[in-house]
Amino acid sequence: MEEMLFYDRMQFAFTITFHYLFPQLTMGLSLIIVYFKWKYLRTKNEQYNHATHFWMKIFALNFAMGVVTGIPMEFQFGTNWAKFSELTGGIIGQTLAMEGMFSFFLESSFLGIFLFGEKIIGHKWHFVTGLLIMIGSWASGYLIIATHSWMQNPVGYEILENGKFVLTNFKALFLNPWLWPSYLHNQAASLVTSSFVVAGIGAFYILSQKNVSFGRLFVKTGVVFGLISSLFVAVPTGDLLAKNVVKYQPVTFAAMEGIFHTEKEGSEIVLIGQPDVKDKKLDNKIAVPNILSFLTYGSWNEEIKGLDKFDQDLHPTNISGLYYAYHIMVGLGTLFIGLMVLAIFQLIRGKLYQTKWILWSLMFMMPFPYIANTTGWYTAELGRQPWLVYNLLRTSAGASPTVSSGNTLFTLLGFIGLYLLLGILFLLLIGKIISKGPHTEVITENI
């Protein structure tokens with residue numbers, strides 16, 4: 001049973017990790033594309049419209065990859081996690097169906113019009129279709145996170161005699177106190193990814209002396225959106241989400257922060273340290289006293305419960321993985337804010353486009369928001385373990401009892417091979433789009 005559960009989790013973790021590389025770009029990029037189109041309508045500067053077309057090509061390719069890699073996850077609910085689907089389908093099936101029927105169809109229906117219908121419908125309606133695509137992509141994220149939030153903090157439900165969960169309060173599902181901080185945090189994080197991609201490609205154009213005018217536009221747009229979204233990820237959304245974890249999953253918070261033993265006079269915040277789960281301590285730690293208590297409760301001496309206050313059966317099953325995922329996410333988020341502050345400072349001074357080390361940094365940092373987003377999701381998922389539905393349904397009770405570990409491992413290897421090929425193809429196509437660049441006609445207005 002343990003081997004079967006391990007491969008079930010590994011397969012879902014791999015497929016969802018690869019899949020989310022694409023939606024995190026499309027959700028944030030849809031907002032930037034709408035911004036470019038809006039700027040064109042206001043200024044009539046053709047450069048903004050060419051930028052719209054350029055990024056829409058990348059959006060469309062990302063969207064297609066997201067669809068292709070998302071479908072297998074839906075099937076895994078019925079293959080690897082059939083018992084989970086049977087018991088909770090009355091609740092999570094509703095939000096997942098709404099995501100497919102409403103937001104996905106809204107997004108996909110108008111994508112073709114936006115790509116090919118500009119001359120037919122005109123620029124104003126072209127903007128409207130872009131706005132509807134953005135609404136669809138953001139609504140998709142909302143409904144997925146509504147599902148995830150119910151698993152983290154189940155509300156509005158009743159458990160029948162046969163063990164099945166049924167929804168008794170539809171409104172509670174969308175007023176879940178876990179939902180809005182999670183959703184806004186996730187959307188801001190996706191905008192961070194998109195901002196770094198836009199700024200990074202712009203930096204590449206400037207440094208290579210190719211499409212320089214577009215490079216300046218992309219860098220300027222990327223760092224402005226990047227600073228706003230990076231700050232928003234930290235405060236208020238990250239702060240609110242952390243306080244939710246303290247309130248609803250205190251044992252998870254203790255593991256995230258590496259608090260093995262409760263400190264009566266306030267908890268320190270650990271900057272660096274390696275968890276030793278066996279001996280229940282952090283090795284080589286660098287910490288600042290009482291800061292964590294102040295950030296959490298607004299009081300320097302407030303107690304935060306350590307893992308010693310909770311039964312061993314309630315501890316997250318992978319404390320080290322959870323601790324590192326959380327600290328990588330927070331560390332990268334801090335780095336993003338610092339880089340974007342420096343970039344904005346140079347932009348205000350009028351020296352950003354000549355500051356090569358910042359341009360190189362923007363280009364080099366493009367992959368790191370993907371890492372931060374991935375470790376953020378790992379923090380949420382590892383933190384919930386050993387539960388599928390927190391405190392109600394254990395992960396071991398949700399797996400399909402008739403699917404062998406050998407079958408799951410075989411399909412996992414198949415996914416790895418297939419996704420490797422898809423990933424290479426995707427990078428080649430993206431590289432071709434970037435190499436060709438936006439429309440190259442002369443732009444007279446300075447950006």
Does any pair with a residue in [range] pass salt bridge (Lys or Arg N to Asp or Glu O under 4.0 Å), and if so which ones, sequence neighbours excluded?
range: residues 62-87; result: K83-E86
range: residues 230-249; result: D239-K243
range: residues 364-381; result: E381-R384

Just by modelled atom types, is the [Y] backbone N or O under 3.5 Å from a matching donor or acceptor in the [X] side chain?
X: S293; Y: G266; value: no
X: S435; Y: K432; value: no
X: T129; Y: F110; value: no
X: Q249; Y: V246; value: no
X: S190; Y: L25; value: no
X: S361; Y: W357; value: yes
X: Q346; Y: L342; value: no
X: S85; Y: F77; value: yes
X: S30; Y: M27; value: yes
X: Y7; Y: L412; value: no

Please tell me if the side chains of [X] and [Y] come closer than 4.5 Å, counting only heavy atoms from C-beta onward.
X: F63; Y: L29; answer: no
X: I272; Y: H327; answer: no
X: L96; Y: L143; answer: no
X: V219; Y: V198; answer: no
X: W150; Y: T88; answer: yes
X: P23; Y: Y20; answer: yes
X: I371; Y: L332; answer: yes
X: T79; Y: T411; answer: no

Non-hydrogen atoms of [X] and [Y] that approach each other most closely:
X: L41; Y: K124; answer: CD2-N, 4.2 Å
X: P154; Y: L392; answer: CG-CD1, 3.6 Å
X: T15; Y: Q76; answer: OG1-NE2, 3.0 Å
X: G141; Y: Q187; answer: CA-OE1, 4.4 Å
X: V192; Y: S229; answer: CG2-OG, 3.4 Å
X: F214; Y: A51; answer: CE2-N, 4.1 Å

Ring centroids only, cut at 6.0 angstrom: are [X] and [Y] within range, meaning strictly under it?
X: Y390; Y: W178; answer: no
X: Y35; Y: F225; answer: yes
X: Y419; Y: F415; answer: yes
X: W180; Y: Y142; answer: yes

From [X] atom [atom1] to [Y] atom [atom2], the distance as rounded to the nearest 0.5 Å:
X: I430; Y: I58; atom1: CD1; atom2: CD1; value: 5.0 Å
X: L362; Y: F218; atom1: CG; atom2: CZ; value: 14.5 Å
X: M65; Y: L422; atom1: CE; atom2: CG; value: 4.5 Å
X: T408; Y: F12; atom1: OG1; atom2: CZ; value: 13.0 Å
X: N80; Y: R9; atom1: CG; atom2: CZ; value: 13.0 Å
X: L347; Y: I358; atom1: CG; atom2: CD1; value: 10.0 Å

- Query: Is a side-chain donor-acceptor pair under 3.5 Å present for E257 with S267?
  - Reply: no

- Item | Polar side chain donor-acceptor pair, S140 to E107, under 3.5 angstrom |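 No.
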
- Message: Exactly one of T317, T395, N318 should register a side chain to side chain donor-acceptor pair (under 3.5 Å) with Q385. Which one does?
- Response: T395

- Task: Step by step, work out the side chain to side chain donor-acceptor pair (under 3.5 Å) result for T168 and E158.
- Result: CA-CA 6 Å; T168 58; E158 180 183 342; 5.6 Å; no

- Task: Identify whether NZ of Lys or CZ of Arg in K351 sits under 6.0 Å from the centre of the six-membered ring of Y353 and within 45° of that ring's axis.
- Result: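 Here K351 fails the 6.0 Å and 45° test against Y353.
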
- Message: For a side chain to side chain contact (heavy atoms under 4.5 Å, CB included) check, start with the C-alpha distance between V288 and L271, then their side-chain angles and the critical distance, and finish with the verdict.
- Response: CA-CA 8 Å; V288 182; L271 305 178; 4.1 Å; yes

- Apply side chain to side chain contact (heavy atoms under 4.5 Å, CB included) to the pair I416 and L420, showing each step before the final yes or no. CA-CA 6 Å; I416 292 173; L420 177 62; 5.5 Å; no

- Item | Evaluation steps, side chain to side chain contact (heavy atoms under 4.5 Å, CB included), between F36 and F54 | CA-CA 11 Å; F36 280 140; F54 173 77; over 6 Å; no

- Measure the acute angle between the ring planes of F18 and F22, then classify it against the limits of 30° and 60° as parallel, tilted or perpendicular. perpendicular

- Message: Using 30° and 60° as the class boundaries, would you call the ring planes of H126 and H53 parallel, tilted or perpendicular?
- Response: perpendicular

- Task: Check the pair S213 / Q47 against side chain to side chain donor-acceptor pair (under 3.5 Å), numbers first and verdict last.
- Result: CA-CA 9 Å; S213 63; Q47 185 167 28; 3.3 Å; yes

- Message: Please determine whether side chain to side chain contact (heavy atoms under 4.5 Å, CB included) holds for the pair F114 and T52, giving the CA-CA distance in whole Å, both sets of side-chain angles, and the decisive distance to 0.1 Å.
- Response: CA-CA 10 Å; F114 195 84; T52 301; 3.7 Å; yes

- Query: Out of T193, V233, T17, which residue meets the side chain to side chain contact (heavy atoms under 4.5 Å, CB included) rule with N373?
  - Reply: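 Answer after filtering T193, V233, T17: T193.
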
- Which ring-ring contact (aromatic ring centres under 6.0 Å, His included) pairs, counting each pair once, include a residue from residues 185-213, with sequence neighbours left out?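 Output for this query lists F196-F336.
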
- Item | Those residues that, when tested against K285, pass salt bridge (Lys or Arg N to Asp or Glu O under 4.0 Å) (two or more places apart) | E268

- Item | Pairing residues for T69 by the side-chain hydrogen bond (donor to acceptor under 3.5 Å, both in side chains) criterion, not counting sequence neighbours | H19

- Query: How far apart are the C-alpha atoms of Q152 and N244, what are their side-chain angles, what is the distance that settles it, and do they pass the side chain to side chain donor-acceptor pair (under 3.5 Å) test?
  - Reply: CA-CA 10 Å; Q152 297 282 4; N244 263 350; over 6 Å; no

